[in-house]
Amino acid sequence: MKLRKKVSLLCSLVLVLAVGVCSTILIDRAGDKILNLTYANTQQKQQALVTAFTNMLTYYHDELDSSVTSRSLMKYCFSQVADAEAVLKADGETLCSSLSIDPGEYLTPVSPSLPEYRVIREDGRRLLIAGSTVLLYRQQNSPECLVYLVQDITSVYDQIHSLIRQFAVIGAVFIGLGVSLIALLVRRSLLPLQKLQIAASHIAAGNYTERAAVSSADEVGALAKDFNTMAASVEQRIGELTETAERQRLFISGVTHEFKTPLTALLLNVDSLQNTCMREDEQAETLDRISQQSRWLEQLVQKLLKLITLNQLPALKPVSVPPLLDRVRDNTEASLSARGITLETCCTVDRLNLDADLMQSVLVNLVDNAAKASSAGQTVMLSASPEGFTVQDRGCGIPQDEINRITEPFYMVDRSRSKKTGGMGLGLALVKEIVAAHGGTLEIKSEVGAGTTARVLLKQS
Amino acid sequence: MAANRILLVEDDHAIADAVALNLRTVGYEVVFFDDGGIAADSLKTDHSYDLALLDIMLPGMDGFELFARMEKYNIPVIYMTARTDSESEVRGLRDGAEDYIVKPFAIVTLLVRIEKVLTRTGRLNQVYRYRDFTLDAENRTLTRAGEPIDLPPLEFDVFTVLIKNKNRTVSRDRILNEIWGEDYFGDIRTVDVRIANLRKKLGLSEEIRTISKAGYRLEEARK
């Protein structure tokens, strides 16, 4: 059962119970009061009758000397004061009565003071019988005299019953209203929970951007807030994972593509040697292509291996910087002088915390790239400072929209040119990985026509 | 009738050189470009090609764009690329390319596909020349210095396969396949018998070389 239904049902049950108990108590009290008033009224009437009767008897008592006469006198006196509802009995004998019932059957009073009473049902009517004994003064052997007053109180009961019916109707109406109000209020206060549940099911279905739009200040609101925080962190993680997976997919498809080209060339040239009748010079050319492509593949494998194994952190230790710059100069001298480019170095730091071999390959790579972008006669500047290294050239620059992509594996700004200059599109990806493994960042700023500045910012220890 | 002219656009020289060498060896005329843009420009002055072999990832202009230019001049296209993802394959064929060959491929596959496309588009030059022999595959005639030579049908077919693949080794299996179709599992020795007859009848005992473990090759000294 839904929580909304459960809470509504429980509240309604409590309401019905409360209204029911209250009504019952109220009706009970009201009924009692009405009945008591009726009894008191009847008792008073009966007393008045008795008093009038005895006064009259006393007035005539001197003339009473025989029992017969006295009975006649009693009858006479009683008939003078009583009305149709009154009954007089003496020694069990009914002297005066116009009623169809004998009240003596139901009530035998013994006290002359307060009249006793009893309610009986007769033919679907309710009759109240009030009765008492009467003391006849100065009379020996006087008969035991009883005076009854019988009143029909059916209307009083009808009144009470109509009261009960009214209470029932009013109660039912109020219970109905109350139950609907409860259902409405419970629904309203549980609405945020429902929204939360919908949001959760959306997220579970993979829609990670979904949030719960709940702003109440209660526990549900707090839950929604925490829920949204959780959803945001899930979304972020999923986003990161998707991005990583996409990067890996691109990397693998890049690797595949890069392998396919030299492999195709190798296979085609081997095929030619095997199956095609060639002149000697053609054979030599084909063999040359085979050896070139094999070397290319070998280098590709080496670089990829380096890129993949870089996940292990390099051992960083304080390294003297000037000799490192000298080694970079030695390693790049041949390619730089072939292009007519000079390398200028500047060092304002003595020692830096790094892996000398890896950093050397980073700097050689960056200097090589700078040289490839420069034209003959230009200078490439390599400087070292406590923050890290900077390689600056005044070459052709990189278009703005390419800068973010140049560190992607196999990305080449100009494929045909890169191939001519011997680029694989892996250099900067490798540089970025190595710098990241040092806990640093690679920052590349460039302007087309004005040159490029690559900065290796190392983590400050 | 002139040899079929093929336009080759491929940025990797090691691949392009090997492909061009083999196409020329069997008698095609090959024009090669390593840049899509330059190839497209060249079409303005010369577009009498029977077929274009296009790489997809090209500097200057990619293969798909280049295809539109080829369409203008009614040049059938075979894509030649390392892309294996179905997206580019679908795009390549939907655009109307005749065929699609995925790197790495074997030269024999490329040759077969080129021949099929040329046949389908009615551009295949069916007249082959070897020294003073002229073989017309369509009319099934063979002449030497203008003089007709009569060959039994099977020998004519074997010689056709050899002359089509001039300077390239053709395996016995392939000869069988070319003549009787792929479903035929005949005796490979029948090929040897035809070859021996051809050598004798045409006086080509030196030129039709047996390449051990590979097959036969009709050789022509080239300058």
Side-chain angles (χ1 to χ4, degrees), chain A residues 246 249-300 402 410-425, chain B residues 10-26 33-38 55-60 62 80-85 88 101-111 165-171 174 207 209 211 213-223:
Chain A
E246 177 62 15
R249 198 188 65 78
L250 281 178
F251 179 74
I252 287 169
S253 89
V255 168
T256 316
H257 186 268
E258 288 313 302
F259 270 103
K260 272 203 174 161
T261 307
L263 270 177
T264 306
L266 270 178
L267 289 170
L268 287 176
N269 285 293
V270 169
D271 186 326
S272 304
L273 276 180
Q274 275 179 334
N275 295 317
T276 309
C277 170
M278 286 186 282
R279 295 193 305 265
E280 258 180 44
D281 59 324
E282 286 173 338
Q283 280 183 11
E285 277 167 25
T286 307
L287 275 173
D288 193 40
R289 285 197 288 270
I290 289 174
S291 89
Q292 261 178 32
Q293 295 299 313
S294 313
R295 260 179 282 139
W296 178 270
L297 265 180
E298 202 269 334
Q299 278 177 41
L300 191 61
E402 311 255 10
F410 306 113
Y411 188 80
M412 299 174 195
V413 176
D414 182 347
R415 283 194 84 82
S416 54
R417 216 180 133 270
S418 301
K419 286 219 166 168
K420 276 176 207 150
T421 48
M424 264 172 195
Chain B
E10 160 69 60
D11 65 334
D12 192 286
H13 282 258
I15 294 175
D17 289 349
V19 169
L21 172 78
N22 282 286
L23 293 182
R24 284 182 185 127
T25 306
V26 297
F33 292 100
D34 65 357
D35 182 290
I38 298 171
D55 189 10
I56 289 179
M57 287 235 275
L58 281 171
D62 75 17
M80 198 175 58
T81 177
R83 284 199 198 173
T84 45
D85 50 316
S88 58
I101 187 163
V102 175
K103 292 173 189 173
F105 51 81
I107 286 173
V108 65
T109 319
L110 181 66
L111 290 175
N165 295 283
K166 187 170 60 179
N167 286 319
R168 278 196 50 88
T169 311
V170 197
S171 67
R174 201 177 148 215
E207 288 80 356
R209 271 187 64 191
I211 312 293
K213 290 178 190 162
Y216 297 102
R217 184 156 78 196
L218 179 64
E219 291 190 348
E220 180 182 50
R222 288 176 304 131
K223 282 149 221 159

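These numbers were taken from a predicted model, which means no experiment stands behind them. Per chain, numbering begins at 1; letters A, B, ... match sequence-line order.
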Asks: Compare every heavy atom of A14(B) with every heavy atom of R289(A), then report the nearest pair and how far apart it is.
Replies: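 In terms of heavy atoms, the two residues are closest at CD-CA, 3.6 Å.
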
Asks: Could you measure the distance from the CG atom of N275(A) to the CG atom of N165(B)? Nearest 0.5 Å is fine.
Replies: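 Spacing of CG (N275(A)) from CG (N165(B)) equals 10.0 Å.
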
Asks: Measure the spacing between CD of E282(A) and OG1 of T25(B) and express it to the nearest 0.5 Å.
Replies: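 It comes to 6.0 Å.
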
Asks: Compare every heavy atom of K103(B) with every heavy atom of K260(A), then report the nearest pair and how far apart it is.
Replies: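 That closest heavy-atom pairing would be CD-O, 3.2 Å.
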
Asks: Is atom CD of E246(A) surrounded by more than 12 heavy atoms (other residues, nucleotides or ligands) closer than 6.0 Å?
Replies: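 More than 12 heavy atoms, drawn from other residues, nucleotides or ligands, come within 6.0 Å of this atom.
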
Asks: Contact between D17(B) and E285(A) at the side-chain level, heavy atoms closer than 4.5 Å - yes or no?
Replies: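 No, every pair of side-chain atoms sits at 4.5 Å or beyond.
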
Asks: Side chains of F105(B) and L267(A), heavy atoms from C-beta outward: is any pair under 4.5 Å?
Replies: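 F105(B) vs L267(A): side chains apart.
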
Asks: Which value, rounded to the nearest 0.5 Å, describes the distance between T261(A) atom OG1 and D55(B) atom CG?
Replies: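 Atom-to-atom, T261(A):OG1 and D55(B):CG are 7.5 Å apart.
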
Asks: Do the side chain of N22(B) and the main chain of T276(A) share a donor and acceptor less than 3.5 angstrom apart?
Replies: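 Checked: no pair found.
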
Asks: When rounded to the nearest 0.5 angstrom, what is the spacing between SG in C277(A) and NZ in K166(B)?
Replies: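 The SG atom of C277(A) sits 11.0 Å away from the NZ atom of K166(B).
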
Asks: Report yes if the side chains of I211(B) and Q274(A) come closer than 4.5 Å at any heavy-atom pair, otherwise no.
Replies: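 Not touching, per the 4.5 Å side-chain cut-off.
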
Asks: Measure the CD-CD1 distance between Q293(A) and I15(B) for me, rounded to the nearest 0.5 Å.
Replies: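 One finds 7.0 Å between CD of Q293(A) and CD1 of I15(B).
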
Asks: Please look at T286(A) and chain B and tell me whether the side chain, the backbone, both or neither of the residue comes under 4.5 angstrom of a heavy atom of that chain.
Replies: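 When you check distances to chain B, only side chain atoms of T286(A) fall under 4.5 Å.
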
Asks: Are any non-hydrogen side-chain atoms of R168(B) and D271(A) less than 4.5 angstrom apart?
Replies: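 Yes, close enough: below the 4.5 Å cut-off.
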
Asks: Of the non-hydrogen atoms in A18(B) and N269(A), which two are nearest, and what is the gap between them?
Replies: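 Heavy atoms only, the tightest pair is CB-OD1, 3.3 Å.
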
